[in-house]
Visitor: 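Just passing along the structure, written as structure tokens.
Reminder, nothing fancy here: chain letters follow the sequence lines and each chain counts from 1.
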Amino acid sequence: MRSIIAIFGGTLKEGVRSKLFWGILVFALLLFLSTMVVSELSFAEKEKIIADLGLSLISAFGLIAAVILGTDLIYRDIQNGTIQIILARPVKRWKYVAGKYLGLMAIIGVNLLLLSLMLLFVLLIYVGKPCIYLLRSLYTIFLELSLIASIGVFFSTFSTSQLLSSLVTLGLFIIGHSLDILRMSAGKSGKFLGFLLKSLAVIFPDLDFYDIKIKVIHGLPLESSYYSEILLYTLGYVIFILFLASLIMERREFR
Amino acid sequence: MERVIVTESLTKIYKSGKRRTEAVRDLSLEIKRGEVFGFIGPNGAGKSTTIKMLLSILYPTSGKAWVFGVDVRSPDARKRVGYLPENPRFYDYLSGEEFLRFAGMLAGLSGSRLEKKVESLLKYVGIYDARKRKLRKYSKGMIQRIGLAQALMGDPDLIILDEPTSGLDPLGRKLTLDLIRSLRSRGKTVFFSTHILKDVEEVADRVGILFKGRLLKVFSLDEERQRENDYQIEIENAGIDLFIAAEKLAELTKKDEKRVTFLVREDNLFEFLEAVRGKGGRIITLTRKKRNLEEIFLETIGEG
């Protein structure tokens, strides 16, 4: 357990001090300020406009952090040879993967927390009330990013190109949000292609499941079991993906 | 005496498509407790590959290895081991102190024991004043020092150092060699690879010469030093009688059409000279042989 905590702590410290982390925050802050300008130009309710744009920005910047950091952390340890001093200790490789992933989730969590505080602060100034109800949407954004980050970590255990890993992870994110199209196409395709598309639609996590932004902003009802179901759904995928990543790490050699 | 490292026919073959590169072949070795073992060989000889197999960073294609009697495939084999890789790179945004804390936790330390160890090691390797500085601002020498410090975290009984002095300034080199001496005096086992033969001569007890993946020779430096009392004698007119007489007294090292060269131990010198005179040989040169490690190394890889 101590090795997981050590790797978690090292990853978190390294991550929150990186240029990427601060770059995302500064850029997001500038865009948040621009949402205020956009809301001024619109006839619609300012609160809804800022909340909608703000959540979309948080989701987008969180995605950038999850994809880039997710595909980078283990990859960089391997490239720099730092992994060798870790594995030269009595550390099981699955614990290394777990520590890295938890560290990554902490970085994404801190990132999300700061961005959320910015959004809630902007809304407080503009609307004059704390829009705490948005936390529900932030919760699902965090879970979705957890899933995306695990896919990034999975690719970083064997890929020789971080760019390629990032692109594939991003591709899977897009597919995950297009499963309806896959299912529809499966119905119209031939036997083999139809089966393939249907299988993909079953295997891939349905990322639309996480998108509750509109419902939250407009105060539409959500089933009470939704929040626990989506947590279990995410945990199931993340554990399975990290299990595969650990299997790959177990077999990998580091020259 | 306890055997700290044992390898049996350790072999590593790298495969890349149809290409097969034999990095290490049939390496069998034993390192005993308290030894400082210098593992020498030119670049690409397979030194780092061997070390990485001992730490399970690379897996052998065939053969086996044990550290403290535990199969190296088990993480338990690394419980009492500290390792410094070649050209180490650590986490850029961690400070020296934070990095050592990280390494200490991986070595199983915590609480005040960890903090004390971090402080003492920072002082020991001479970078205590730079402990708050981020590692990306450290010079190469300082990185090597922090690398040594992390290898010593947890007070390991076996310290494996891969090219620990390469690229270091004279002060850094002295620190590293002094450290190895001090580890030996505390009964630790040190296994280090290098291509700097002078370093090995200074600190090693035993030496292994690796060339093209094969362990050609393992010898004790003390024994080799005793051989410095050997004499090299070049002779003309050496007939078959002389060869028969010399067989038990000397080692034939060179032979051409006119001359032969023998290596004779000091104890046998007079008896051998009598034999040469008695059998009609003519001594051309007689020189006291002082073989340094470089000569032994070159001679060995020449044989290889």
Visitor: Does B/Arg73 have more than 12 heavy atoms from other residues, nucleotides or ligands lying within 6.0 Å of its CZ?
Guide: no

Visitor: Within the supplied structure, the quantity of interest is the number of heavy atoms (other residues, nucleotides, ligands) at a distance under 6.0 Å from A/Phe240 CZ; does it exceed 12?
Guide: no

Visitor: Show your reasoning for whether side-chain contact (heavy atoms from CB on, under 4.5 Å) applies to A/Glu253 and B/Ile57.
Guide: CA-CA 6 Å; A/Glu253 300 184 277; B/Ile57 293 169; over 6 Å; no

Visitor: From B/Tyr59 OH over to A/Arg251 CZ, what is the distance, rounded to the nearest 0.5 angstrom?
Guide: 9.5 Å

Visitor: Tell me, for B/Glu86 versus chain A, whether the close heavy atoms (under 4.5 Å) come from the side chain, the backbone, both or neither.
Guide: neither

Visitor: Can we say A/Glu14 and B/Lys134 salt-bridge, meaning some charged N sits less than 4.0 Å from an Asp/Glu carboxylate O?
Guide: no

Visitor: What part of B/Ala151 gets within 4.5 angstrom of chain A, counting heavy atoms only: side chain, backbone, both, or neither?
Guide: backbone

Visitor: Mind ranking A/Ala6, A/Ser18, A/Gly81 by heavy-atom pairs under 4.5 Å with chain B and telling me who comes out on top?
Guide: A/Ala6

Visitor: Under 4.5 Å, counting heavy-atom pairs only, tell me which of A/Val91, A/Ile85, A/Val16 racks up the most with chain B.
Guide: A/Ile85

Visitor: Identify which part of A/Ile86 has an atom lying under 4.5 Å from any heavy atom of chain B, answering side chain, backbone, both or neither.
Guide: both

Visitor: Quick one: what part of B/Ile160 sits under 4.5 Å from any heavy atom of chain A, side chain, backbone, both or neither?
Guide: neither

Visitor: Would you say B/Lys140 has more than 12 foreign heavy atoms packed within less than 6.0 Å of its NZ?
Guide: yes

Visitor: Please flag which part of A/Arg76 lies under 4.5 Å from any non-hydrogen atom of chain B: side chain, backbone, both or neither.
Guide: neither

Visitor: How far does CZ of A/Arg17 sit from OH of B/Tyr91, to the nearest 0.5 angstrom?
Guide: 13.5 Å

Visitor: Donor-acceptor check, side chain of A/Lys13 to backbone of B/Leu94, threshold 3.5 angstrom: yes or no?
Guide: no

Visitor: Is there a side-chain contact (heavy atoms from CB on, under 4.5 Å) between A/Ile7 and B/Phe102 once you walk through the steps?
Guide: CA-CA 7 Å; A/Ile7 295 163; B/Phe102 167 76; 4.3 Å; yes

Visitor: Is B/Lys52 close to chain A through its backbone or its side chain, or both, or neither, when contacts mean heavy atoms under 4.5 Å?
Guide: side chain

Visitor: From B/Arg89 CZ over to A/Asp77 CG, what is the distance, rounded to the nearest 0.5 angstrom?
Guide: 10.5 Å

Visitor: Measure the shortest side-chain to side-chain distance between B/Tyr93 and A/Lys19 over non-hydrogen atoms and say whether it is less than 4.5 angstrom.
Guide: yes

Visitor: Kindly compute the distance separating CG (B/Leu106) from CG (A/Leu87), expressed to the nearest 0.5 Å.
Guide: 9.5 Å

Visitor: Can you check whether B/Gly108's main-chain N or O pairs, donor with acceptor, with A/Arg2's side chain at less than 3.5 Å?
Guide: yes

Visitor: Is there a donor-acceptor pair under 3.5 Å between the side chain of B/Arg78 and the backbone N or O of A/Pro90?
Guide: no

Visitor: Which atoms of A/Ile4 are under 4.5 Å from chain B, going by heavy atoms: the side chain, the backbone, both sets, or neither?
Guide: neither

Visitor: Is the number of heavy atoms from other residues, nucleotides or ligands within 6.0 Å of CZ (B/Arg184) greater than 12?
Guide: yes

Visitor: Quick check on B/Asn87 against chain A: is it the side chain, the backbone, both or neither that has a heavy atom closer than 4.5 Å?
Guide: neither

Visitor: Side chain from CB out, backbone as N, CA, C, O: work out which of these in B/Ser56 comes under 4.5 Å of a heavy atom of chain A, or both, or neither.
Guide: backbone

Visitor: If you measure from NZ on A/Lys92 to OG on B/Ser74, what distance do you get to the nearest 0.5 Å?
Guide: 7.5 Å

Visitor: Taking all non-hydrogen atoms of both residues, which atom of B/Val81 and which atom of A/Arg89 are closest, and how far apart?
Guide: O-NH1, 3.4 Å

